[in-house]
Amino acid sequence: MFLLSVAARTLPIGTAYAVWVGIGAAGTAVLGIALFGEPASAARIGFLALLGIAIVGLKLSAG
């Protein structure tokens, strides 16, 4: 929550929250693959890459 409040100082709250949630979702999926042996299909990796692109796009478009 602290990092969200820091991000909200420079980004609109909607953008900051979307980025925060996206990073959490991507991190959870990656940890599931790395630590719990969840399947790492090409589609799953591709959608994680799209999520990363969306996060970067939101941060770039907010300024």
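- The shortest non-hydrogen separation linking Trp20 to Leu4 is CE3-CD2, 3.7 Å.
- Under the 4.5 Å side-chain heavy-atom criterion for ILVMFWY residues, no single connected hydrophobic cluster contains both Val19 and Ile13.
- Leu48 and Ile55 fall into different hydrophobic clusters, defined by Ile, Leu, Val, Met, Phe, Trp and Tyr side-chain heavy atoms under 4.5 Å apart, directly or through other members.
- Scanning both residues, Leu51 and Gly22, for their nearest heavy atoms gives CD2-O, 3.6 Å.
- Shortest non-hydrogen contact noted between Arg44 and Pro39 is NH1-O, 3.1 Å.
- In this structure, the side chains of Ile33 and Ile45 come closer than 4.5 Å at one or more pairs of heavy atoms.
- Phe2 and Tyr17 end up in different hydrophobic clusters when Ile, Leu, Val, Met, Phe, Trp and Tyr side chains are linked at under 4.5 Å.
- Distance OG1/Thr15 to CG/Leu60: 11.0 Å, rounded to 0.5 Å.
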